[in-house]
Amino acid sequence: MSLTSPHLGSPSVWTDARLLYALEEVVEKELNRHLKVTKDWMPHEYVPWSDGRNFPGFFEDGEAWDKEQSKVTEVGRIALVVNLLTEDNLPSYHHEIATLFGREGAWGTWVHRWTAEEGRHGIVMRDYLLASRAVDPDKLEQFRMSHMSEGFESDNRHSMLHSIAYVAFQELATRISHRNTGHQSGDPVCDRMLARIATDENLHMVFYRNLLKSAFELAPDLTMQAVRDVVVDFRMPGHGIPGFERAAAQMAIGEVYNLRIHHDDVLQPVLRFLKVMEIDGLGPEGLKAQEELGVFMGGLDAEAAKFDEKLAARKARMAARAAQ
């Protein structure tokens, strides 16, 4: 796909290959910064192994799973399953970004490092869930097989710029989802584990956010269009999980992730940092994208306000029933 930009002195044609090359130095800089600030950690240190016991099957002393065995709240259980199943599709994610960004140079080093760090998240979450008996292990495995058998195809695989824009928001969304799941889980051990994961996700967001900033400097019109498209059509990577819509609704009510959180804690922080609405000197297409982004954000804020009202009313009804 060819991309055109009038902001390089003379008319030029951008291709994904040219953009990859132009951003290589930025990737190397951000990779080195990431490696200096990130800290390796051991997944097994966050798992309550002493709580674990055998399940039925090959073990004669195996104990069947029961919901009452877990300390985790209902919304915490739902969110943990969604978050883990999302992490489980790591092989597909790796394939997507390795195909887009390549396996050589700084880009390739980042792709492999990111994949290795993300791998820890699935390891520690599954170990925690099984050791603490937070979820039905049979259903969890059935969901994993179903979800991974479908694979994953990014909505933004057609464009490197769109992909960078997407992950800048998605990594922050994942961080927020993990952090809020920990807060709502009812288990301090779970909260600590997810806080550790959230720290990684935040560093990944910073990497992509800074890369997106450099893309704005290189090709502002094209980057603005990519940001607009991603924000307007944003979907979490776990949208293909069996029963995702119902789980997402329960997570919204449980204040793990909803419209207000998406607007205030995910989209706005990245847009503010990049000063997207303040960028001037755009061409016609970039200016149109900027205006459409502003309109969309205003509409999303209005929709979030409606959700806030419904959620407040629901809480009031539940409080009234509890007082009876």
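Between D51 and R133 there is no side-chain heavy-atom pair separated by less than 4.5 Å. Contact check for L211 versus V167: no side-chain heavy atoms found under the 4.5 Å cut-off. Within the 4.5 Å cutoff, no side-chain heavy atoms of M193 are placed close to those of V189. In this structure, the side chains of W114 and L31 stay at 4.5 Å or more apart for every pair of heavy atoms. Within the 4.5 Å cutoff, no side-chain heavy atoms of V81 are placed close to those of K139. Inter-residue side-chain proximity for H204 and H34 is flagged as met; some heavy-atom pair is nearer than 4.5 Å.
Of all the heavy atoms in A252 and F307, the pair that sits closest is O-CZ, 3.5 Å.
Between the CD atom in Q225 and the NE2 atom in H162 there is a gap of 7.5 Å [rounded to 0.5 Å]. Summarising the geometry, atom OG1 belonging to T115 is positioned 4.5 Å from atom CD1 belonging to I97; distances are rounded to the nearest 0.5 Å.
Salt-bridge annotation for R113 and D40: present, with a side-chain N of the basic residue lying under 4.0 Å from a carboxylate O of the acidic one. By the 4.0 Å N-to-carboxylate-O rule, K315 lies close enough to E255 to be salt-bridged with it. Salt bridge present: E74 and R77 bring a charged side-chain N and a carboxylate O closer than 4.0 Å. A salt bridge does not link R53 to D61: none of the charged nitrogens lies less than 4.0 Å from a carboxylate oxygen.
The same ILVMFWY cluster, assembled from side-chain heavy atoms under 4.5 Å apart, contains both M297 and L282.
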Contacts table for residues 261-270: side-chain donor-acceptor under 3.5 angstrom, sequence neighbours left out:
unit_1, atom_1, unit_2, atom_2, d
H262, ND1, Y257, OH, 2.7
D264, OD1, R260, NH1, 3.1

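Geometric assessment of R196 against the ring of Y46 yields a negative cation-pi assignment under the 6.0 Å and 45° thresholds. A cation-pi geometry, defined here as NZ or CZ lying under 6.0 Å from the six-membered ring centre and within 45° of its normal, does not hold between R33 and F207.
Inspection of the H147 and N89 side chains reveals an N or O donor paired with an N or O acceptor under 3.5 Å.
Checking side-chain atoms of S177 against main-chain N and O of A173 turns up no donor-acceptor pair under 3.5 Å.
Between H121 and W41, the angle of the ring planes stays under 30°, which puts this pair in the parallel group of the 30/60° scheme.
Not a single salt bridge (charged side-chain N to carboxylate O under 4.0 Å, His left out) links K310 to another residue, sequence neighbours left out.
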